[in-house]
Amino acid sequence: GLSSLSDANRRALEYFLLTSDLHPNVVTWFNSSIPDNIKLALLCARGILANGVLLLALRKRFRVEYGLAFMSKSAKSNNGGPQERAIRMAVPFRAKDVAAERTEFGHTDVAVILTLLSYYQYGL
């Protein structure tokens, strides 16, 4: 795991996770120094940290700029016809507790993070 990394490697990992434009040497270091079993998790973390996705999501105000709303999605039933099912996902709000109609977040990562934050805030 990461507990066996030296201080220099920890600083390099921090740089890797938080910097959007990486020098090729850092990518080479990552591929050679980080254990394979945690590379995918670190790459996912880098995606939301280095590109500011997490910061963008955390700056939004719950139940004012986003929140949970029921949306209807069509799915195929066993007999091939459409079947309606309700899903709960975070959507943009126009005002406090007023979901914007027929809208959703355009960035998938933002939608997932805000949905998780919404579930956390509602205590689900």
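Residue indices begin at 1 and follow the sequence shown. Bear in mind the structure is a predicted one, so any value in this text is a computation, not a measurement.
- Met89 and Leu116 are members of different hydrophobic clusters when ILVMFWY side chains are connected at heavy-atom separations under 4.5 Å.
- To the nearest 0.5 Å, atoms CZ (Arg63) and CG (Leu68) are separated by 10.5 Å.
- Transitive grouping of hydrophobic side chains (ILVMFWY, heavy atoms separated by less than 4.5 Å) brings Leu58 and Tyr119 into a common cluster.
- Remark: side-chain polar atoms of Asn9 are not paired, donor with acceptor, to backbone N or O of Leu5 under 3.5 angstrom.
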**OP:** Carefully, step by step, assess Leu117 and Tyr122 under the rule side chain to side chain contact (heavy atoms under 4.5 Å, CB included).
**Re:** CA-CA 9 Å; Leu117 289 172; Tyr122 279 118; over 6 Å; no

Original post:
How far apart are the C-alpha atoms of Leu43 and Phe30, what are their side-chain angles, what is the distance that settles it, and do they pass the side chain to side chain contact (heavy atoms under 4.5 Å, CB included) test?
Top reply: CA-CA 10 Å; Leu43 288 171; Phe30 179 80; 4.0 Å; yes

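- Summarising the geometry of Val91 relative to Thr103, their closest heavy-atom pair is CG1-O, 3.6 Å, with the distance given to 0.1 Å.
- If you take CZ on Arg10 and OG on Ser3, they are separated by 7.0 Å, rounding to the nearest 0.5 Å.
- The heavy-atom pair separating Ala90 from Tyr66 by the smallest distance is CB-CD1, 4.4 Å.
- Environment of CD in Glu14: sparse, with no more than 12 heavy atoms of neighbouring residues, nucleotides or ligands closer than 6.0 Å.
- Both tests hold for Arg46 against Phe16: distance to the six-membered ring centre under 6.0 Å, angle to the ring axis within 45°.
- The CG atom of Leu13 sits 6.0 Å away from atom CG of Leu2, with the distance rounded to the nearest 0.5 Å.
- Of the possible donor and acceptor atoms, one in the side chain of Glu65 sits under 3.5 Å from a partner among the backbone N and O of Arg61.
- For the pair Lys39 and Asp36, the tightest heavy-atom approach, listed with the atom from each and the gap, is NZ-OD1, 3.2 Å.
- To the nearest 0.5 Å, atoms CD1 (Ile48) and CD1 (Ile113) are separated by 4.5 Å.
- The hydrophobic cluster containing Phe105 does not contain Tyr120, counting ILVMFWY residues as joined when their side-chain heavy atoms lie under 4.5 angstrom apart, directly or transitively.
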Subject >> Audit row: Leu22, Tyr15, side chain to side chain contact (heavy atoms under 4.5 Å, CB included) steps and yes/no >> reply: CA-CA 9 Å; Leu22 292 177; Tyr15 176 80; 3.8 Å; yes

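- Looking at Ser32, its side chain does come within 3.5 Å of a backbone N or O of Trp29 through a donor-acceptor pair.
- In this structure, CG in Leu54 is found 11.0 Å from CZ in Arg59, a value given to the nearest 0.5 Å.
- Remark: the backbone N or O of Asn51 is not paired with any side-chain donor or acceptor of Ser20 at under 3.5 angstrom.
- No continuous path of ILVMFWY side-chain contacts below 4.5 Å connects Val112 to Phe62, so the two sit in separate hydrophobic clusters.
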**OP:** Please assess His107 against Val53 for the test side chain to side chain contact (heavy atoms under 4.5 Å, CB included), listing each intermediate value before the final yes or no.
**Re:** CA-CA 9 Å; His107 195 287; Val53 175; 4.1 Å; yes

